[in-house]
Amino acid sequence: MEFLMEAHSGISAKIVEEAGFKGIWASSLAISASLGLRDNNEASWTQVVDVAEYMNDATTLPILLDGDTGYGNFNNARRLVRKLESRNIAGVCIEDKVFPKTNSLASREKQPLADISEFCGKIRAMKDTQEDPDFVVVARVEAFIAGWGLEEALIRADEYRNAGADAILIHSKKSSAVEIEQFMKAWKNVTPVIVIPTKYYSTPPEKLASLGIRTIIWANHNLRASITAMQKLSRQLHDEQYLINIEDTIVPVGEVFRLQGDAELEAAEQAYLPVAGKTINAIILAASQGKTLGVLTAHIPKALLRIGGKPILFHQIDHFTQMGIKDIVVVRGFAKENVVSDKIRTIDNDDFRNTTELGSLYLAKEEIRESSIISYGDLFYKSYILNELVNDDSDITIIADADYSRDSGYHEYVKTSIPYSKKLFFKNVSLSQIGPDLEPGEICGEFIGIFKVSRTGGNIVRETLEQMQDRKDFGRLRMKDLFMEILKKHPVCVKFIQGNWLDINTIADLQRTDEI
Ligand code: SPV
Ligand code: MG
């Protein structure tokens with residue numbers, strides 16, 4: 001027994017393939033609904049065939065098109081076969097109703113059936129027309145749906161088989177498989193039988209298999225799943241008027257690009273287009289062990305602590321790659337052999353015990369280029385923060401949290417030219433001071449450990465690092481010392497956020513990650 005999964009568009013076809021199915025049901029219900037139409041032949045047959053073509057372009061799986069009644073008489077149906085073959089569709093199912101048909105599950109009682117001999121002529125015309133011997137014509141028996149009984153169903157199935165149908169689809173809208181069971185007992189399996197258990201969904205597939213069913217169609221479940229998801233999200237967004245709680249509950253845009261096959265286009269662009277444009281790269285400083293976390297970081301650096309099953313560092317790497325930033329360098333130190341991935345390059349800070357994050361940045365200074373984002377390896381944050389930085393075009397921009405923490409840990413507090421207010425959200429102000437010892441009245445926020453530099457900003461950072469490196473106490477200097485040095489010659493911008501991030505220094509921090 002095999003399964004066909006419903007799809008109704010190029011992207012849903014691709015998703016079905018990636019899930020592991022071996023074939024696709026191009027459902028008339030799902031296709032018409034996704035076009036905003038009723039399943040009553042409101043979409044023209046060429047519009048349906050166009051959708052099938054998009055689906056075929058997006059997948060390598062065979063597609064069985066739900067061809068309704070064949071969209072007319074034998075002549076329309078055989079023309080359909082020609083067009084489907086030319087578009088590489090594997091087969092078509094036609095049902096013995098009358099054009100324009102009604103969906104089988106609709107509550108309407110009267111569903112007129114086609115004349116048997118007319119329908120058989122249609123099947124013969126279709127089989128005579130196909131050129132590929134593997135093209136499949138499925139005849140769908142609607143006798144149960146239309147309120148006729150087993151006898152009518154068997155007569156029809158037998159006639160259609162004799163006319164050349166490759167398989168019979170026996171449809172039922174009962175909430176149990178009782179009609180299917182009756183049919184299969186009498187049918188004796190002379191031709192493969194397909195079913196669509198939408199209404200008798202609690203019947204186990206094994207039971208259907210034991211009756212001799214060869215193929216089960218899950219006929220509309222991707223459509224219904226997407227409706228559920230879209231209704232929930234649209235309502236939430238309408239009510240909240242803000243994306244901040246939405247972004248991390250849906251696939252990133254990068255996943256859309258992946259499904260669209262963007263990687264292939266990118267490779268093709270490299271082959272066929274001249275290289276141009278600004279590229280952003282990322283430097284992650286992940287050398288420190290994080291001793292305050294005790295046994296948790298006995299063998300791995302704190303950047304590899306897991307949140308939701310994934311190391312913090314990989315949450316960051318995913319944020320970067322989803323933003324299109326693929327050039328990622330990680331400075332590693334403690335337990336460096338564990339910091340590996342094919343998505344990153346690495347630089348080793350083997351002196352990590354005697355240096356701070358500034359020492360790691362010094363080792364990565366040649367990586368500071370056209371436009372670079374620099375972040376601490378233990379930083380866990382919502383992706384919009386990165387989005388804000390990527391779109392910022394100041395020379396040096398640091399992110400500070402206006403909801404800063406006053407616990408006893410080490411914090412780099414910032415004082416800015418204008419104190420934070422809601423009006424400033426995402427507007428830049430300039431940094432006037434940064435450090436752990438600011439007067440409480442001066443503190444406007446806390447540096448969270450991520451910043452961005454432009455080409456000019458990068459040159460300034462590199463020069464300043466070179467100067468500082470000559471100092472005897474360089475091993476003890478921190479990021480705030482770099483910014484204070486830079487402030488002597490160039491402004492540093494501050495972008496405020498409110499919450500939605502954590503740096504992981506204690507077990508309590510790890511437990512708070514659920515809030516984010
Ligand atoms: C479809 O998926 O469009 C079908 C099956 O034809 S049903 O909706 O049950 O009629
Ligand atoms: Mg249909």
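Whatever order the structure lists them in is the order used to number ligands and atoms, beginning at 1.
- Which parts of ligand 1 touch Ile196 is read off a 4.0 Å heavy-atom cut-off, strictly below it: atoms 5 (C).
- Excluding water, every protein N/O/S atom under 2.8 Å from the Mg ion (ligand 2) is given here by residue and atom: Ser28 OG, Asp66 OD2.
- A salt bridge is absent between Arg332 and Glu337: the closest approach of a Lys/Arg side-chain nitrogen to an acidic carboxylate oxygen does not fall below 4.0 angstrom.
- Side chain of Trp218 to backbone of Asn222: no donor-acceptor contact under 3.5 angstrom is found.
- Centroid-to-centroid, the aromatic rings of Tyr71 and Phe99 stay 6.0 Å apart or farther.
- Evaluated by nearest non-hydrogen atom to atom 9 (O) of ligand 1, the leading choice among Glu142, His8, Lys199, His171 is His171.
- Of all the listed residues (Arg140, Glu6, Glu95), Arg140 holds the heavy atom that lies closest to atom 10 (O) of ligand 1.
- In terms of the side chain to side chain contact (heavy atoms under 4.5 Å, CB included) criterion, residue partners of Val136 (sequence neighbours excluded) are, by chain and number, Val138, Asp166.
- Rounded to the nearest 0.5 Å, atoms CD1 (Ile89) and CD (Glu53) are 8.0 Å apart.
- Residue Ala219 approaches ligand 1 through these ligand atoms, each under 4.0 Å from one of its heavy atoms: 2 (O).
- Residues Gln111 and Ser104 have side chains that never bring a donor and an acceptor to within less than 3.5 angstrom of each other.
- Counting non-hydrogen atoms of other residues, nucleotides and ligands closer than 6.0 Å to NZ of Lys127 gives a total above 12.
- Ranked by closest heavy atom to atom 4 (C) of ligand 1, the top entry among Asn220, Asp66, Thr102 is Asp66.
- Interatomic distance, CG of Leu4 versus NZ of Lys22, reported as 11.0 Å (0.5 Å rounding).
- Looking at atom 2 (O) of ligand 1, its nearest protein heavy atom turns out to be Ser27 OG, 2.7 Å.
- The Asn103 neighbourhood of ligand 1 comprises atoms 7 (S), 8 (O), 10 (O), with distances under 4.0 Å to a heavy atom of that residue.
- Close N/O approach between Ala30 and ligand 1 is not found [any backbone or side-chain N/O within under 3.5 Å].
- Using a 4.0 angstrom heavy-atom cutoff, Thr198 does not count as in contact with ligand 1.
- Under 4.0 Å is where a charged nitrogen must lie from a carboxylate oxygen, and between Lys83 and Glu85 no such pair does.
- Salt bridge annotation for Lys97-Asp68: absent, with no cationic side-chain nitrogen under 4.0 angstrom from a carboxylate oxygen.
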